[in-house]
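Below is one structure, written out as structure tokens, with a few remarks after it.
If you read the sequence from its start, that first residue is 1, and numbering goes on from there. As the structure is a computational prediction, the values presented were derived from the model and not from experiment.
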Amino acid sequence: MSLEERLFEIERGFWLEGEDYFLAHLDEQCLLAFPQSGEMRGLFSREKVASTATGANRWRDLEMSDRYLLKLAEDAAIISYRADVTRADGVAYSAFIGSAYVRRSSAWLLASHQHSPITAD
């Protein structure tokens with residue numbers, strides 16, 4: 001499996017899976033930038049971020065398009081893409097996403113994640 005395929009597979013899990021998945025795929029600390037009011041912004045522990053991945057707020061019907069990968073070094077890479085997804089409450093959501101990954105031993109872990117919602121002009 002290519003690096004691009006692997007990172008997008010991991011990324012998909014952050015949208016659809018729960019707390020145990022987050023604990024297994026997050027770096028020790030993660031820099032988050034969610035623009036919505038009340039969302040997380042700043043540096044958070046793996047455990048804090050994972051605790052937010054409850055069944056009540058999981059997503060569905062995820063489509064990822066306009067996918068890009070920038071490999072920064074042998075152990076660091078950034079992906080970006082457009083996400084079109086449905087919130088747990090049934091509301092459609094679209095955003096441009098940027099995520100940075102770091103390889104620790106043989107595992108790729110999420111170190112940073114950012115959303116830029118797409119709004120109708």
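For Arg6, the salt bridge (charged side-chain N to carboxylate O under 4.0 Å, His left out) partners at least two apart in sequence or on another chain are Glu9. For Phe44, there are no ring pair (Phe, Tyr, Trp, His ring centres under 6.0 Å) partners two or more places apart in sequence or in a different chain. With sequence neighbours left out, the side chain to side chain donor-acceptor pair (under 3.5 Å) criterion links Asp75 to no other residue. Applying the side chain to side chain donor-acceptor pair (under 3.5 Å) test to Ser2 and every residue at least two apart in sequence or in another chain returns Glu5. Residues that satisfy the side chain to side chain donor-acceptor pair (under 3.5 Å) test with Ser45, not counting sequence neighbours, are absent from this structure. Residues passing the salt bridge (charged side-chain N to carboxylate O under 4.0 Å, His left out) test with Lys48, sequence neighbours excluded: none. Residues forming a side chain to side chain donor-acceptor pair (under 3.5 Å) with Glu4 (at least two apart in sequence, or on another chain): none.
Leu109 and Phe8 fall into different hydrophobic clusters, where Ile, Leu, Val, Met, Phe, Trp and Tyr side chains are chained together by heavy-atom contacts under 4.5 Å. At a threshold of 4.5 Å between side-chain heavy atoms, the hydrophobic network of Ile, Leu, Val, Met, Phe, Trp and Tyr places Phe14 and Ile97 in one connected group.
Leu43 shares a hydrophobic cluster with Leu31; the chain of contacts runs through ILVMFWY side chains whose heavy atoms sit under 4.5 Å apart. In this structure, Leu72 belongs to a hydrophobic cluster whose other members, linked by side-chain heavy atoms under 4.5 Å apart, are Leu70, Ile78.
Looking at Tyr101, its side chain never comes within 3.5 Å of a backbone N or O of Ile79 through a donor-acceptor pair. Judged purely by atom type and a 3.5 angstrom limit, Arg41 uses its side chain to pair as donor or acceptor with the backbone of Phe34.
Between Phe22 and Arg46 the shortest side-chain heavy-atom distance does not fall below 4.5 Å. Taking the side chain as every heavy atom from C-beta outward, Leu32 and Val49 approach each other to under 4.5 Å. The shortest side-chain heavy-atom distance between Pro35 and Ser116 does not fall under the 4.5 Å cut-off. Annotation: side chain of Cys30 is in contact with side chain of Leu110 (closest heavy-atom distance under 4.5 Å).
With rounding to the nearest 0.5 Å, the separation of CG in Leu26 from OH in Tyr21 is 9.5 Å. For the atom pair OG of Ser112 and CD of Gln29, the computed distance is 12.0 Å after rounding to the nearest 0.5 Å.
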Show me the donor-acceptor pairs, under 3.5 Å and distance only, between side chains in residues 81-95 and residues at least two apart or in other chains.
{"residue": "Tyr81", "atom": "OH", "partner": "Glu11", "partner atom": "OE2", "Å": "2.7"}
{"residue": "Tyr81", "atom": "OH", "partner": "Trp15", "partner atom": "NE1", "Å": "2.8"}
{"residue": "Arg82", "atom": "NE", "partner": "Asp84", "partner atom": "OD1", "Å": "3.2"}
{"residue": "Arg82", "atom": "NE", "partner": "Asp84", "partner atom": "OD2", "Å": "2.9"}
{"residue": "Arg82", "atom": "NH2", "partner": "Asp84", "partner atom": "OD1", "Å": "3.2"}
{"residue": "Asp84", "atom": "OD1", "partner": "Ser94", "partner atom": "OG", "Å": "2.5"}
{"residue": "Asp89", "atom": "OD1", "partner": "Val91", "partner atom": "N", "Å": "3.1"}
{"residue": "Tyr93", "atom": "OH", "partner": "Gln36", "partner atom": "NE2", "Å": "2.8"}
{"residue": "Tyr93", "atom": "OH", "partner": "His115", "partner atom": "ND1", "Å": "2.8"}

Item to complete: Under the side chain to side chain contact (heavy atoms under 4.5 Å, CB included) rule, what do Trp108 and Leu7 come out as? Steps first, then yes or no, please.
Response: CA-CA 8 Å; Trp108 285 94; Leu7 294 182; 3.8 Å; yes
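Annotation for Glu47: atom CD counts as buried by contact number, over 12 foreign heavy atoms lying within 6.0 Å.
The two residues Met64 and Arg12 make their nearest non-hydrogen contact at SD-NH2, 3.8 Å. Met40 approaches Thr52 most closely through the heavy-atom pair SD-CG2, 3.7 Å.
Sorted by first and then second residue, the salt bridge (Lys or Arg N to Asp or Glu O under 4.0 Å) pairs with a member in residues 15-36 read Asp27-Arg104; sequence neighbours excluded.
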